[in-house]
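Here the structure is laid out as structure tokens; the discussion comes afterwards.
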Amino acid sequence: MADRDPWQDARDRMVDTQIASRGVTDIRVLAAMRKVPRHLFIPGPARESAYSDYPLPIGHGQTISQPYIVGVMTALLALREQDRVLEIGAGSGYQAAILGTIAREVVSIERIPAVAELARENLARAGMRNVRVIVGDGTNGYADGAPYDAIIVTAATPAVPAPLVTQLAEGGRLVAPVGSRDLQELVRLTKRGGQVTRETFGGVVFVPLIGEHGWEA
Ligand code: SAH
């Protein structure tokens, strides 16, 4: 039998007390968050806090989201195992690893090349083979891989970038934090019969999405 991961207890506790207890019920999301070694995505001394209930710095002024927010946004995507997913804002790569554990294939776009390299290293260490990290302005999406069954934006945007809606498949779901630079609301768009419906969920705070269809640097 393989050695038990010494972080497993902390991870189970995180899922029980921060995610499941607050109403995330999607069993695939809960299982992925029990499985993915979140500590491998956090550099330096902050790693000790990997399973704590808040966001953490990952360098270059960027952050890895609070575990609960990762759980909520992933659940809102209602992923199925055959889905192809686009993420905007790879950051540490943790959210992408959660997506890749549930879905078939993930493309994650990151604006800062050094952060993209970090995400690639973290994802390789965690054994993820179905996640591709690409450097670029994710507000334009990634047309080469379109259409996507699910799209998640993990940086704050003034509005959902139009190219992302175009790249969403029929039946596809898109989740993004939309609002001002200081405070956003989680928005979910669903495309059905060519029509896009919009639902909103609670308030959140993300670092800004910087690009052609986002904020200016
Ligand atoms: N999903 C990440 C956290 C995202 S932090 C995780 O799991 O750790 C937001 C990230 O979005 C930052 O790394 C930032 O550099 C990136 N970003 C900001 N604007 C972007 C853009 N236009 N395209 C791609 N990435 C962008």
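Under the side chain to side chain contact (heavy atoms under 4.5 Å, CB included) rule, Leu76 has a single partner from Val24, Leu186, Val187, which is Leu186. When each of Ile88, Ile210, Thr139 is tested with Arg111 by the rule side chain to side chain contact (heavy atoms under 4.5 Å, CB included), just one qualifies, namely Ile210.
Annotation for Pro208 and Trp215: closest pair CB-CD1, 3.9 Å, computed over non-hydrogen atoms. Closest of all the heavy-atom pairs between Tyr148 and Val85 is CD2-C, 4.0 Å. Nearest heavy atoms, Leu56 versus Ile42: CD1-CD1, 3.5 Å. Between Met73 and Pro177, the closest heavy-atom pair is CE-CD, 4.3 Å. Smallest separation of non-hydrogen atoms from Leu40 and Arg125: O-NH2, 3.3 Å. A pairwise comparison of heavy atoms in Val29 and Gly71 identifies CG1-O, 3.8 Å as the closest pair.
The distance from the CD1 atom of Ile19 to the OG1 atom of Thr25 is 12.5 Å, given to the nearest 0.5 Å. Considering CD of Glu110 and CZ of Arg120, their distance stands at 10.0 Å, rounded to 0.5 Å. Rounded to the nearest 0.5 angstrom, Asp137 CG and His213 NE2 are separated by 7.5 Å.
Between the side chains of Tyr51 and Arg11, at least one donor N or O lies within less than 3.5 Å of an accepting N or O. Of the N and O atoms on the side chains of Gln66 and Ser52, not one donor lies less than 3.5 Å from an acceptor on the other residue. Between the side chains of Ser180 and Asp182, no donor-acceptor pair of N or O atoms lies under 3.5 Å.
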Apply side-chain hydrogen bond (donor to acceptor under 3.5 Å, both in side chains) to residues Thr74 and Gln95 and explain how you reach the verdict. CA-CA 8 Å; Thr74 310; Gln95 172 74 73; 2.9 Å; yes
Apply the test side chain to side chain contact (heavy atoms under 4.5 Å, CB included) to residues Val135 and Ile112: give CA-CA distance (whole Å), side-chain angles for both, the deciding distance (0.1 Å), then the verdict. CA-CA 7 Å; Val135 175; Ile112 303 173; over 6 Å; no
With side chain to side chain contact (heavy atoms under 4.5 Å, CB included) as the test, would you mind laying out the steps for Val36 and Phe41 before giving the verdict? CA-CA 10 Å; Val36 173; Phe41 293 84; 3.8 Å; yes
Kindly indicate, with the supporting measurements, whether the criterion side chain to side chain contact (heavy atoms under 4.5 Å, CB included) is fulfilled by Asp5 and His39. CA-CA 11 Å; Asp5 178 352; His39 59 280; 4.0 Å; yes
Start with the C-alpha gap between Tyr54 and Ser49, add the side-chain angles, then the distance that decides, and say whether side chain to side chain contact (heavy atoms under 4.5 Å, CB included) holds. CA-CA 9 Å; Tyr54 37 79; Ser49 305; 3.8 Å; yes
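Considering only heavy atoms from C-beta on, Phe206 comes within 4.5 Å of Thr154 through its side chain.
A donor-acceptor pair under 3.5 Å is absent between the side-chain atoms of Glu105 and the main chain of Arg84, judged by distance alone. Formation of a donor-acceptor pair under 3.5 Å by the Arg188 side chain with backbone atoms of Val175 is not found in this model.
The existence of a salt bridge linking Arg13 and Asp16 is excluded, since no basic side-chain nitrogen approaches an acidic carboxylate oxygen closer than 4.0 Å. Under 4.0 Å is where a charged nitrogen must lie from a carboxylate oxygen, and between Asp9 and Arg4 at least one such pair does.
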